[in-house]
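Worksheet: the structure to be examined is printed underneath.
Whatever order the structure lists ligands and atoms in, that order sets their numbers, starting from 1. What's counted below: heavy atoms across the whole structure, side chains too, no hydrogens, waters or symmetry copies.
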Amino acid sequence: MPLLSIIIPCYNEREVLPIFYENLKGTLSEMGCDHELIFVNDGSDDGTDAVLEELAGKDESVIYLELSRNFGKESAMYAGMSNFSGDYVAIMDCDLQDPPSMLPEMLGAVMSGECDMAAARRVDRRGEPPIRSFFARGFYKFVNKISESEIVDGARDFRVMRREIAEIVVSMKEHNRFSKGIFSWVGFKTKWIPYVNHERAAGKTKWSFWRLFGYAIDGIINFSHVPLTIASWFGLFMTFFAFITELVVVVRRLLFDEPVAGWASLVCIIVFIGGLQLFFLGIIGNYIAKLYLESKERPHYIIAKSNRDVKKIG
Ligand code: UDP
Ligand code: MG
């Protein structure tokens with residue numbers, strides 16, 4: 001009987017965890033599948049730890065990894081993927097937006113060899129603020145135009161995969177992590193299973209608009225050099241343009257003795273170019289900042305407490 005490891009990042013999810021646990025257990029017992037539930041408590045301060053410890057006390061299959069602080073969902077997933085022992089690995093949120101009822105179909109597809117990884121894809125964004133949907137759509141369009149690996153619109157982190165894929169993903173030690181991009185970059189045969197968006201069962205989303213916006217910018221910078229290329233091409237174009245206009249000015253002055261008017265427009269142009277230069281410098285700065293972070297090679301997560309013998313730092 002193969003073992004399924006389910007990795008569940010949790011950050012301040014005290015309210016929803018018991019509901020999620022019952023729901024997931026129900027599905028798993030119907031599936032009759034051996035499993036371990038790896039809850040990664042990502043530095044919650046609402047008593048999520050007590051809920052997890054209680055679950056672990058009554059259920060052998062519950063493993064909790066308590067991170068020493070909030071490291072973010074990406075690091076929480078990384079901590080889980082560094083500490084599983086199953087033949088198949090699933091990742092899911094604990095707010096029931098990733099319905100456990102999809103697990104049988106996903107696991108079935110991977111086990112039958114139809115695919116190496118089965119992932120959920122949201123087909124509509126109902127229940128989400130319109131402005132968020134608008135930017136999300138725009139982001140996917142843009143990122144797919146400019147990046148080396150395709151990120152499917154509506155792709156979730158909710159997926160089931162063969163253990164090898166999780167091992168490969170853990171071996172990719174980059175700190176600027178964008179899992180959707182990483183999963184697509186490693187390749188393998190992925191089956192997308194569409195589903196309709198569900199609202200969170202309880203608790204609040206941890207993603208404000210600006211946090212998501214920052215995440216999207218990271219996604220672009222981590223998987224593409226195109227912003228840098230745009231900066232260089234734009235620079236080249238401006239240089240060429242400036243050269244031509246200078247020629248015109250000199251010729252007008254020498255041949256036709258026409259002095260050039262337009263002090264105000266000149267100031268505008270200088271300010272405009274100055275602004276552009278700062279903007280592109282900012283883009284370059286972003287890449288350098290990421291390089292700096294990578295060069296420190298700090299661990300992705302630190303586990304402060306667990307009910308198993310685990311890899312504490314990684
Ligand atoms: N999460 C986490 N660390 C964080 C933020 C979120 O582990 O810093 C977890 C959270 O508990 C949930 C999942 O990541 O299980 C998705 O978070 P959320 O539901 O807030 O995001 P949304 O579904 O709104 O995109
Ligand atoms: Mg959610």
Is the positively charged end of R137 above the ring of F135, judged by distance under 6.0 angstrom from the centroid and angle within 45° of the axis? no

Is D218 salt-bridged to K290, going by a charged N under 4.0 Å from an acidic O? yes

Does a salt bridge link D98 with R156, judged by any charged N lying under 4.0 Å from a carboxylate O? yes

Close residues, ligand 1: non-hydrogen atom nearer than 4.0 Å: P9, C10, Y11, E13, D42, N70, G72, K73, D93, C94, D95, Q97, R132, R200, T205, K206, W207, R211

Which distance, rounded to the nearest 0.5 Å, do you find between the OH of Y301 and the CD of E74?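 Interatomic distance, Y301 OH to E74 CD, rounded to 0.5 Å: 15.0 Å.
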
Quick check on Y287: does its OH atom have over 12 non-hydrogen neighbours (other residues, nucleotides or ligands) under 6.0 Å away?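 Count over threshold, so yes.
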
Check the surroundings of atom CZ in F279: do more than 12 heavy atoms from other residues, nucleotides or ligands lie under 6.0 Å from it? no

Distance below 2.8 Å from the Mg ion (ligand 2): protein N/O/S atoms: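 Metal shell, protein only: D95 OD2, Q97 OE1.
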
Check each of R162, K191, R163, K189 against D116 using the salt bridge (charged side-chain N to carboxylate O under 4.0 Å, His left out) test, and report the only one that passes.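 When R162, K191, R163, K189 are each tested with D116, the salt bridge (charged side-chain N to carboxylate O under 4.0 Å, His left out) holds only for R162.
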
Have a look at L96 and tell me which of P99, C94, P100 forms a side chain to side chain contact (heavy atoms under 4.5 Å, CB included) with it.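 That would be P100.
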
Taking the six-membered ring where the residue is Trp, are the ring centres of F71 and Y78 under 6.0 Å apart? no

